[in-house]
**Q** 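Next up is a structure, given as structure tokens.
The sequence lines fix the lettering, A, B, ..., with proteins before strands; numbering per chain opens at 1.
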2 protein chains.
Amino acid sequence: MPKTVDRDEQRRQIGAALLQLVAERGLDEVSVRTVAAATGRSPGAVQKYFSTKDEMLTFAAELAGERVERRMAGVDSALPLRQALRELILTTLPVDAERRAEATAQLAFAVRAAHHPGLAAIRRQVDQDIRQALAGWLESAGHTTHATAVADAVIALSDGLALRMLYTPQEHEHLLAALDRSLDALIPGPGPEPPYSSAGASSCSASRR
Amino acid sequence: MPKTVDRDEQRRQIGAALLQLVAERGLDEVSVRTVAAATGRSPGAVQKYFSTKDEMLTFAAELAGERVERRMAGVDSALPLRQALRELILTTLPVDAERRAEATAQLAFAVRAAHHPGLAAIRRQVDQDIRQALAGWLESAGHTTHATAVADAVIALSDGLALRMLYTPQEHEHLLAALDRSLDALIPGPGPEPPYSSAGASSCSASRR
DNA sequence: ATCTTTGAGATACAGTCGTATTCTAAAGGC
DNA sequence: GCCTTTAGAATACGACTGTATCTCAAAGAT
């Protein structure tokens, strides 16, 4: 046996470099050569691990998906529902350099998935996992009705806020306020009632206390 | 004066073709040559109207923004708030081929804006316009507190749902349900419950038709 | 009818792309 | 020790990119 290397580890290194490159320069700037340079390798060396650019892209998309799911699993599930949700969403919003990198890559892949069946399948799988985990949280917190619909709403809200934050760093404050407002509305109680206006029969606020 | 043409009209034609191309094949497939072919022109003819690819892209992004704002202005403002919002959001979701085309282009430009200051500025302007119009709707419907936060939430929700619909056509039903759930939560019934609501009960049980 | 200005097409150029092929060097197994 | 297998680099190729330049046809003004 000749010189041997941990192939999977190498692939993960390259994939990680690709994600970072997407974050810094955009998915359009990703080429076999730029990724190779970002990892200090020659283009030929990258070819040893990914025979095709598309294979490399797909691998990186899966890697990014795994990261999201791992972060999700890392949220303290003992937290009150609203806080847990807020914490989870905050880990997906580009509020600092690291999260901005992740969000950028995530959204870039999502848009490309619109014209790339392979990437679309990966995104669908990740979304499905997150959706079911979220629905589980909701149900175990007493949110037995329309748990999946609320889960989908939370996902959409998170993605939409992240997208806009990408090109509007000035408005992070406003958008975080919008996040809290939405969570207040979507997740009634526990704790002090959100300071929502409107006369007594405010829609959902009576369901759980 | 020699042969003369309506330059602005030509530019709009080319811009429209570019948007359609983005919708059908993705922003990566947009090149001076592909756009020229899509308009039945030669690449050189396109150069007469846009001396640079970036100028062409910027123009198309503005064109797309105008379309959104025009659609927004077209929503019947006499409608009850919740219905107006729902109608507005539906015109931005990829529920049919035409809207899918618009949403695809919109989101593609949004992601590219993350690394393109010019596009970012355009997006920010469009977002600002929509936000203020939405906030105006909300306030004039009695939603005097946190109108802008709710407006931002609505925008994020709309973008997030559109993004996911792009690569998950199978789940349109679920996502529309999530939209209604969110609207129910965000917009407490304006006096008379909207017709979506089932009887006088809490609007929590109201779902899409 | 001529001139002049313009739209449109064709072509050229340097650069980058993805991928295939070829080479060098090094690290186990014998 | 050599020999095989592999990692990695270098190179080659055709296709495509954005942009600059050139030519030609056509239409209004004189």
**Q** Using whole Å, report how far NZ of B:K48 lies from P of D:dA20.
**A**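 To the nearest whole Å, that distance equals 12 Å.
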**Q** Hey, could you give me the CG/CE distance between B:L93 and B:M165, rounded to the nearest 0.5 Å?
**A**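 The distance works out to 5.0 Å.
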**Q** CZ of B:R41 versus P of C:dA10: gap in Å, rounded?
**A**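 To the nearest whole Å, that distance equals 14 Å.
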**Q** With a 3.5 Å cut-off and just heavy-atom distances, do the side chain of B:Q47 and the base of D:dA20 make a donor-acceptor pair?
**A**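 Such a pair exists between side chain and base.
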**Q** Expressed in angstrom and rounded to an integer, what is the separation of A:Q13 atom CD from D:dA7 atom P?
**A**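 Atom-to-atom, A:Q13 to D:dA7, this comes out as 14 Å.
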**Q** Look at B:Y49 and C:dG7 and indicate whether a side-chain polar atom (N or O) is within less than 4.0 Å of OP1 or OP2.
**A**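 False: B:Y49 side-chain N/O out of range (4.0 Å or more) of C:dG7 OP1/OP2.
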**Q** Do any side-chain nitrogens or oxygens of B:S31 fall under 4.0 Å of OP1 or OP2 in D:dC16?
**A**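 So the side chain of B:S31 is outside the cut-off, no N or O lying under 4.0 Å from OP1 or OP2 of D:dC16.
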**Q** Look at the side chain of A:T52 and decide which nucleotide, out of D:dA7, C:dA8, C:dT19, has an atom nearest to it.
**A**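 So the nucleotide nearest the side chain must be C:dT19.
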**Q** A:G44 or B:Q10: which one's nearest nucleotide on DNA chain C is closer to the 5' end?
**A**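 Result of the comparison: B:Q10.
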**Q** Give the rounded distance in Å between these two atoms: CG of B:D28 and C1' of C:dG18.
**A**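 Atom CG in B:D28 sits about 15 Å away from atom C1' in C:dG18.
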**Q** Any side-chain N or O of B:R7 below 4.0 angstrom from OP1/OP2 of C:dT6?
**A**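 No, because none of the side-chain N or O atoms of B:R7 sits under 4.0 Å from OP1 or OP2 of C:dT6.
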**Q** Would you indicate whether the side-chain heavy atoms of A:L57 and A:F109 approach each other to under 4.5 Å?
**A**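 Side-chain contact under 4.5 Å: yes.
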**Q** Tell me: CZ of A:R25 to C1' of C:dC17, nearest whole Å?
**A**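 For the pair A:R25 CZ and C:dC17 C1', the rounded distance is 14 Å.
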**Q** Given atom CG of A:L57 and atom P of C:dC17, what is their separation to the nearest angstrom?
**A**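 Nearest whole value for this atom pair: 14 Å.
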**Q** C:dG18 base to A:K53 side chain: any donor-acceptor pair below 3.5 Å?
**A**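 Side chain to base: no pair present.
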**Q** Under 4.0 Å between a Lys/Arg side-chain N and an Asp/Glu carboxylate O for B:D28 and A:R112?
**A**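 Yes.
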**Q** Are side-chain heavy atoms of B:V75 and B:Q83 found at a separation under 4.5 Å?
**A**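 No - every pair of side-chain heavy atoms lies 4.5 Å or more apart.
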**Q** Test for a donor-acceptor pair under 3.5 Å between the base of C:dG18 and the side chain of A:R33, counting only N and O atoms.
**A**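 Yes, a donor-acceptor pair under 3.5 Å.
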**Q** Would you say the side-chain atoms of A:H116 and A:D54 include a donor-acceptor pair closer than 3.5 Å?
**A**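 Checked: A:H116/A:D54 side chains pair up, N/O donor to acceptor below 3.5 Å.
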**Q** To the nearest Å, give me how far apart CD (B:E29) and P (C:dG18) are.
**A**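 After rounding, the gap between these two atoms is 13 Å.
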**Q** What is the distance, rounded to the nearest whole Å, between atom CE of A:M56 and atom P of C:dT19?
**A**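 To the nearest whole Å, that distance equals 9 Å.
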**Q** Within the pair A:S42 and D:dA10, is there a side-chain N or O less than 4.0 Å away from OP1 or OP2?
**A**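 So the side chain of A:S42 is outside the cut-off, no N or O lying under 4.0 Å from OP1 or OP2 of D:dA10.
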